[in-house]
There are 2 protein chains.
Amino acid sequence: MAEHNHNICIEKSTQFAQEIALSKGKKLTAQRLLVLNILLSDHKAMGAYDILDKMRDMHVEGQGKPQPPTVYRALDFLLDLGLIHKVESQNSFYACMVDKSQDEHHLAQAFICDECGHVDEKIARRGAQNLFEKAASFGFKINKVIVECRGICATCQAI
Amino acid sequence: MAEHNHNICIEKSTQFAQEIALSKGKKLTAQRLLVLNILLSDHKAMGAYDILDKMRDMHVEGQGKPQPPTVYRALDFLLDLGLIHKVESQNSFYACMVDKSQDEHHLAQAFICDECGHVDEKIARRGAQNLFEKAASFGFKINKVIVECRGICATCQAI
DNA sequence: CTAAAAAGTGTTATATTATAACATTTGGAA
DNA sequence: TTCCAAATGTTATAATATAACACTTTTTAG
Ligand SMILES: [Zn+2]
Ligand SMILES: [Zn+2]
Ligand SMILES: [Zn+2]
Ligand SMILES: [Zn+2]
């Protein structure tokens, strides 16, 4: 991934998050932004309690440490806005990494490395089309599609 | 689904389960068969604890009631043999319902009704091919693919 | 046929993931 | 300013899953 400038990636994602929140009349509060930034710090999937640990590490003295509902509320908010996705097959979360200028709520295909947790996310256009057609053929109305590929990333294979 | 004779469906699935277990030198014990039959009783996805409740309802007097490890061990066994699948997005399980005479470990597409829990399962050949090609294009080695469509089945839409 | 090993099961306890419920605070709208 | 709705804090608990160890049954080796 030589072409990936992660600082720019974080900056763009954060900016987009502000815009999408504003456009929906929602507030991207400090807490929510913190969770997003933790996920944006690396393109890895993290469990809710791992995120919670990071929040606790960062927490300011003189106030109680964050509790599970805090992180789950932020995650729910970010999921609703399509800023993050959940890896259903391992109960983890990652920051959305596709250009959402067109497809705001896209059908994501996630490629998750079981060695290092790295996630690559692609938009599935044909794949989504095929699934919707197949579903229609027997009268099934799709609300949400989950596509997850578990395996080993190129980097980890090279090790 | 007028063409679906469920008694034959159960019979065939059970018979296939015996064969595949035998061919792999594994034993389809009474306990494991019970869990499979509970899942086969209907094409619905069930949680592990729902299955456990059914096992407890059926349990013979004079012996302790089954505990969570009992059902999870049976589920793991059946998952290994490809006789059942897990719906990762809702932590539930259903009996595999495709003809496995060719594709023993197929890429399943599950269409799960969020109203009634009914599952339709289709084999994805093209879909799998496309995912493997896409993965290969960036050096990702796929071990397992999860495709789940959540929505409303034809029956529930008609209600 | 027996002894040893392996596979399966029973049981208790506990880990992990997620949410319910209610109190309190904050930020705008009226 | 007062009120309301949204957000957050806090405690407790629900739901899902596994660790660990004892015991039994089945298979295998001699
Ligand atoms: Zn995305
Ligand atoms: Zn990796
Ligand atoms: Zn199947
Ligand atoms: Zn239905």
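Model, not experiment: these values are computed from the prediction. So that the names make sense, note that chain A is the first sequence line, chain B the second, and so on, each numbered from 1.
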Starting at CG of N91(A) and ending at C1' of dT19(C), how long is that distance when rounded to a whole Å?
14 Å
Residues E148(B) and S89(B): closest non-hydrogen pair is OE1-OG, 2.6 Å
Linking I/L/V/M/F/W/Y whenever any side-chain heavy atoms sit under 4.5 Å apart, do V87(A) and L39(A) land together?
no
Decide side-chain contact (heavy atoms from CB on, under 4.5 Å) for M97(A) and C9(A); before the verdict, give the C-alpha distance in whole Å, the side-chain angles of both, and the deciding distance to 0.1 Å.
CA-CA 8 Å; M97(A) 60 187 77; C9(A) 171; 5.8 Å; no
Just the rounded figure in Å: distance from P of dT9(C) to CG of L33(B).
12 Å
Within-4.5 Å side-chain heavy-atom neighbours: Q67(B) and M55(B):
no
note: K86(B), atom NZ; dT17(C), atom C1'; distance rounded to Å ~ 11 Å
Let's go through H6(A) and H43(A) carefully: what are the C-alpha distance in whole Å and the side-chain angles of both, what is the deciding distance for side-chain contact (heavy atoms from CB on, under 4.5 Å) to 0.1 Å, and is it a yes or a no?
CA-CA 9 Å; H6(A) 195 53; H43(A) 293 298; 3.3 Å; yes
Test: salt bridge (charged side-chain N to carboxylate O under 4.0 Å, His left out). Region: residues 7-20 of chain B. Which pairs qualify, not counting sequence neighbours?
none
Is the shortest side-chain N/O distance from R73(B) to OP1 or OP2 of dA7(C) below 4.0 Å?
no
Scan nucleotides 28-30 of chain C against the protein and return all N/O pairs shorter than 3.5 Å with their distances rounded to 0.1 Å.
none

Nearest-Å distance for atom pair CD/P, residues Q31(A) and dT26(C)
13 Å
Please classify the nucleic acid contact of P66(A) as base, sugar-phosphate, or nothing, using heavy-atom distances under 4.0 Å.
nothing
In one Ile/Leu/Val/Met/Phe/Trp/Tyr side-chain cluster, 4.5 Å: F138(A), V145(A)
yes
5' to 3' on DNA chain D, which nucleotides open and close the contacts with chain A (atom under 4.0 Å from a heavy atom)?
dA7(D) to dT11(D)
Short of 4.0 Å, heavy atom to strand atom, which residues of residues 43-53 of chain B count as contacting DNA chain C?
none
Where does the angle between the aromatic ring planes of Y72(A) and F93(A) fall among parallel (under 30°), tilted (30 to 60°) and perpendicular (over 60°)?
perpendicular
Give the rounded distance in Å between these two atoms: CG of L79(A) and P of dA18(C).
10 Å
Heavy atoms under 4.0 Å, any strand shown: does K26(B) hit a base, just sugar-phosphate, or nothing?
nothing
Q67(A) has an atom CD; how far is it from atom P of dT24(C), in whole Å?
17 Å
Working note: K134(A) + Q109(B), criterion side chain to side chain donor-acceptor pair (under 3.5 Å); need CA distance, chi angles, decisive distance, verdict.
CA-CA 10 Å; K134(A) 187 174 288 193; Q109(B) 294 174 336; 2.9 Å; yes
By side-chain hydrogen bond (donor to acceptor under 3.5 Å, both in side chains) - contacts of D114(A) (at least two apart):
R150(A)
By salt bridge (charged side-chain N to carboxylate O under 4.0 Å, His left out), which residues pair with D50(A), not counting sequence neighbours?
none
Which residue, F93(B) or A30(A), contacts DNA chain D at a nucleotide closer to its 5' end, judged by nearest heavy atom?
A30(A)
Walking DNA chain C from its 5' end, the first of R32(B) and D76(A) to be reached, judged by nearest nucleotide, is R32(B)
